[in-house]
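For reference, the structure is listed below as structure tokens.
Scope of the values below: all heavy atoms of this structure, side chains included, with no hydrogens, waters or symmetry mates. Every chain is numbered from 1, with letters handed out A, B, ... down the list of sequences.
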There are 2 protein chains.
Amino acid sequence: MKISTRGEYGVRAMFDLALHYGQGPIPLKMIAERQEISEPYLEQLMGALRKAGLVSSVRGAQGGYLLANPPHKTTIGDIIRTLEGPIAPMECVEPGEESTCNQYKLCATRVLWTKLRDSMEEVLDNTTLEMLCHEAMRLKAQDDSFMYHI
Amino acid sequence: MKISTRGEYGVRAMFDLALHYGQGPIPLKMIAERQEISEPYLEQLMGALRKAGLVSSVRGAQGGYLLANPPHKTTIGDIIRTLEGPIAPMECVEPGEESTCNQYKLCATRVLWTKLRDSMEEVLDNTTLEMLCHEAMRLKAQDDSFMYHI
DNA sequence: TTTAATCCCGAGTATTTCCGTCGGTTTTCT
DNA sequence: AGAAAACCGACGGAAATACTCGGGATTAAA
């Protein structure tokens, strides 16, 4: 019931790009260093995110990656689905999987998994990168004020 | 982001026991057959559920397993935690894991994972075996009435 | 009292998924 | 030209998953 490193790193990388939105292309190396992610591994993930249209890239020297859309347009759900596949606690509640289970009409547990899936999607689809940025600023301010009082 | 077969089979087995609650011990073989689960594998899972106090067992001929508590007392969360460990999309939001991440106070994504965890727990801890039984009856009735109209 | 049903337990194995590495190619700025 | 970067596909090791297996202990029933 865990999100894999693909999802985790993907979110962190996208969050990093969001924090630097509007500053031109950010080289992979920078993201990897700041987020402490293996560079060649992150490269794979960025490739997937680019193919999904979530980031765009600039090749050659001084190139790098940037968000394809402003931070409030990309949700965590977009990122997770791209890197981990459908958000679903069980195969039988993935989109377009209605008929695989032979007795899906009578399956009581399926109702449960559907509820669980919906509650997960509710959170992930309603959290944008912009919201994470705001949250980060809030935490930073809190921390600064704490330091001040010492 | 999937529940493993341990959790899935565990829920199905417990649901099976709930449907037969009050009918004395149910042999593993019955549960395995009805739920189409490998018998020796399910045995492992039942052992864990017994140690966790969710089922009790009767040894010897005519023995079997039964719910340790009435169906409305056992939640899906209880079962999943027993068989899969803490309900958490990331290690850093497992109970008692506050200090492992060196900069947890400043982590914006951690707030997100916490929200996700809470929404998952909300569903799983508020669904009981009894509710699944009622759901099953509802689906059955619906199906019967559909048959009747043909 | 024997037999058969059933739970109990721990070790072993096969498969898959995950996580990451590596080498080379192409593009573009300076 | 040279260096900085993105792009690409294949490969490999480690860990988790999903079982299997063999034997032992307990108890009801014949």
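Using a 4.0 Å cut-off between a side-chain N of Lys or Arg and a carboxylate O of Asp or Glu, A:Lys2 and B:Glu84 do not qualify as a salt bridge.
For DNA chain D, the residues of residues 9-26 of chain A within the heavy-atom distance limit of 4.0 Å (strictly under) are A:Ile26, sorted by number.
Nucleotides of DNA chain D lying under 4.0 Å from heavy atoms of chain A occupy a range whose first and last members, 5' to 3', are D:dA4 to D:dA10. First and last contacts of DNA chain C with chain B, using any nucleotide atom under 4.0 Å from a protein heavy atom and ordered 5' to 3', fall at C:dA5 to C:dA11.
Side chains of B:Arg12 and B:Leu42 form no contact here, defined as non-hydrogen atoms less than 4.5 Å apart. Annotation: side chain of B:Thr75 is not in contact with side chain of B:Leu124 (no heavy-atom distance under 4.5 Å).
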Show the atom names and distances, to 0.1 Å, of all donor-acceptor pairs under 3.5 Å that link a side chain in residues 44-73 of chain A to residues at least two apart or in another chain.
none

Would you mind writing out the side-chain donor-acceptor pairs for residues 13-33 of chain A within the sub-3.5 Å range, not counting sequence neighbours?
residue, atom, partner, partner atom, Å
A:Asp16, OD1, A:Arg34, NE, 3.3
A:Asp16, OD1, A:Arg34, NH2, 2.8
A:Asp16, OD2, A:Arg34, NE, 3.0
A:Asp16, OD2, A:Gln35, NE2, 2.9
A:His20, ND1, A:Asp16, O, 2.8

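Tested against B:Pro86 for a side chain to side chain contact (heavy atoms under 4.5 Å, CB included), the candidates B:Glu94, B:Arg117, B:Glu121 yield a single pass: B:Glu94.
Toward the 5' end of DNA chain C, the nearer of the two residues B:Ala61 and A:Thr5, judged by each one's closest nucleotide, is B:Ala61.
Looking at residues two or more places apart in sequence or on another chain, you find a side chain to side chain contact (heavy atoms under 4.5 Å, CB included) between B:Asn126 and B:Glu122.
The backbone N or O of B:Leu83 lies less than 3.5 Å from a partner atom in the side chain of B:Arg6, making a donor-acceptor pair. Between the side chain of A:Thr5 and the backbone N or O of A:Glu8 there is no donor-acceptor pair closer than 3.5 Å.
Rounded to the nearest 0.5 Å, atoms CD1 (B:Ile79) and CD1 (B:Ile3) are 10.5 Å apart.
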